[in-house]
Amino acid sequence: KRTYELVTTHFLHPPDGGMVKVTSRLAEAVTPGGHLLVVGHAPSKAFRHLTASHRRAMFLADELLPGLPDDFEALVVEQRPRTATRNGTTVDVHDSTLFARRQA
């Protein structure tokens with residue numbers, strides 16, 4: 001099985017809270033001493049236009065913690081703000097960010 005120093009995913013939103021399972025699978029590919037970075041859309045009123053299914057696929061960073069194996073240390077678990085412009089409208093949104101290191 002191959003492992004990597006950095007495994008990352010950005011804005012992957014599987015249905016039904018599937019990011020915990022995805023986080024666990026991605027963590028398997030991190031070499032000892034390596035890092036895992038997961039970034040995605042945090043739930044927000046700005047996304048009301050999306051279907052309920054799409055909104056349920058969004059996550060907060062701490063919701064991913066159960067997907068980390070015991071030999072990982074969570075270094076960053078937060079929502080980071082950014083401004084987005086869609087169709088001429090500017091909104092403030094947050095990106096959920098999980099950055100973790102596998103123990104060497």
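All figures in this text were calculated on a predicted structure; none of them were measured in a lab.
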Shortest non-hydrogen contact from A100 to A74? CB-CA, 4.0 Å

Under 6.0 Å from the CZ atom of R82, do we count more than 12 heavy atoms belonging to anything else shown? yes

So, using ring pair (Phe, Tyr, Trp, His ring centres under 6.0 Å) as the criterion, who are the partners of H35 when residues are at least two apart? F99

In short, G18 meets P14 closest at the heavy-atom pair C-CG, 3.6 Å

R102 with D71: basic N within carboxylate O range, under 4.0 Å: yes

Kindly work out whether a path of hydrophobic side-chain contacts (I/L/V/M/F/W/Y, heavy atoms less than 4.5 Å apart) joins M58 to V93. yes

Any side-chain to backbone donor/acceptor pair from T8 onto L37? Under 3.5 Å, distance only. yes

Same apolar cluster (I L V M F W Y, side chains within < 4.5 Å links), V77/F11: no

Indicate, with yes or no, if V22 and L65 share a hydrophobic cluster defined by side-chain heavy-atom contacts under 4.5 Å among Ile, Leu, Val, Met, Phe, Trp and Tyr. yes

pair M19-T9: side-chain heavy atoms closer than 4.5 Å: yes

Heavy-atom nearest pair, S44 first then D92, reads OG-O, 4.4 Å

Shortest non-hydrogen contact from F59 toward V39: CZ-C, 4.2 Å

Sequence neighbours excluded, the answer for salt bridge (charged side-chain N to carboxylate O under 4.0 Å, His left out) partners of E5 is none

All heavy atoms of E73 vs all of Q103, minimum pair found to be CB-NE2, 3.3 Å

According to side-chain hydrogen bond (donor to acceptor under 3.5 Å, both in side chains), who are the partners of S96, at least two apart in sequence or on a separate chain? Q79

Rounded distance (nearest 0.5 Å) linking atom OG1 of T31 with atom CZ of R2: 11.5 Å

Which heavy atom of L98 sits nearest a heavy atom of L64, and at what distance? CD2-CB, 3.8 Å

Check for me, please, whether Y4 and L36 land in the same ILVMFWY cluster - side-chain distances under 4.5 Å, paths through other members count. yes

ILVMFWY network linking L12 to V7, side-chain heavy atoms under 4.5 angstrom: yes

